[in-house]
Number of protein chains: 2
Amino acid sequence: MTSLSIAEAAERTGLTAHTLRYYERDGLLLHSVDRAPSGHRRYTAEDLRWIQMVTRLRATGMPIRDVRRYAALVREGDGNEAERLGLLLAHREVVERQLAEVTGHLRAIDHKIALYENKVAPTA
Amino acid sequence: MTSLSIAEAAERTGLTAHTLRYYERDGLLLHSVDRAPSGHRRYTAEDLRWIQMVTRLRATGMPIRDVRRYAALVREGDGNEAERLGLLLAHREVVERQLAEVTGHLRAIDHKIALYENKVAPTA
DNA sequence: CTTCGCCTTCGAGCGCGCTCCAAGTCAACC
DNA sequence: GGTTGACTTGGAGCGCGCTCGAAGGCGAAG
């Protein structure tokens with residue numbers, strides 16, 4: 001089994017078949033997915049690896065358009081590594097800022113939680 | 001100065017005046033904001049404190065409808081502290097799961113970044 | 001008294017990221 | 001040969017969270 005149907009690819013990536021088609025249409029993949037003689041998509045292991053990278057970028061909040069831009073750079077081939085790096089570094093900063101912000105807010109919420117815990121089931 | 005105009009409240013909360021009105025309309029505040037004789041909103045320090053809590057919940061990803069439910073519980077007054085606590089605890093779990101997931105993905109992205117850094121400016 | 005600027009309401013509009021529907025093709029099984 | 005079911009496409013629709021536009025009111029400055 002060297003290639004997977006869209007249903008199988010969906011299962012392995014955790015995306016839906018709808019989303020996989022949408023990503024392809026929207027230029028988030030490196031190239032059109034191969035087709036079986038029937039016209040059905042056939043995903044290779046390489047496709048899945050790239051989709052996993054896309055998933056990581058998306059899960060960390062990168063907008064679709066930036067993923068598309070990153071995909072375009074990779075598609076272009078060697079020579080633009082500095083630009084790819086810049087894109088990823090910029091993204092990392094955004095994510096870290098967000099993590100810090102969320103963590104801070106979470107601490108404040110935890111404080112509130114502690115107050116309610118005392119009210120609901122006072123210790124001693 | 002014991003109360004603020006919507007513009008001032010916007011500045012202090014980091015929200016827009018549009019968003020402040022929207023939150024009020026949508027039931028995220030504990031009660032309608034007081035009005036000056038002119039009909040203009042006047043925000044009290046207490047209003048701002050509550051709005052800050054709303055902001056923390058929103059910034060950590062709590063959906064509007066859940067914030068609304070939490071606001072409704074607080075509005076009801078004493079007696080439902082356990083339910084409020086439950087809501088906050090559930091939210092905390094979601095946030096922590098998300099932080100862990102994002103952190104994990106970020107580590108993988110960092111690995112990719114390291115590869116590009118070697119390619120772009122090889123050490124040694 | 002006029003102008004300016006901040007405020008009001010109501011309701012429409014928008015950007016994002018999917019999500020789904022309709023109509024059709026094709027392969028395999030009974 | 002007929003039925004089933006996974007797939008195809010193009011395009012519409014949706015939920016979320018704002019965001020904005022239109023039309024008008026009020027109050028202070030000149």
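Chain letters run A, B, ... following the sequence lines, proteins first, then strands; residues in each count from 1.
The salt bridge (Lys or Arg N to Asp or Glu O under 4.0 Å) test applied to A:Arg75 returns no partner, not counting sequence neighbours. Residues passing the salt bridge (Lys or Arg N to Asp or Glu O under 4.0 Å) test with B:Glu93, sequence neighbours excluded: B:Arg97. With sequence neighbours excluded, the residues forming a side chain to side chain contact (heavy atoms under 4.5 Å, CB included) with A:Gln52 are A:Arg56, listed by chain and number. Looking at residues two or more places apart in sequence or on another chain, you find no ring-ring contact (aromatic ring centres under 6.0 Å, His included) involving B:Tyr23.
Residue pairs meeting the salt bridge (charged side-chain N to carboxylate O under 4.0 Å, His left out) criterion with at least one member in residues 98-115 of chain A, sequence neighbours excluded, are A:Asp110-B:Arg92.
Rounded to an integer number of Å, the gap from CG of B:Leu20 to P of D:dC20 is 14 Å. One interatomic measurement links the two molecules: CD of A:Glu11 to C1' of D:dA6, which rounds to 15 Å at whole-angstrom precision.
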Give the B/S/- string for nucleotides 6-20 of chain C, one per nucleotide from 5' to 3', where a protein heavy atom under 4.0 Å of the base yields B, of only the sugar-phosphate yields S, and otherwise -. -SBB-B----SBBBB
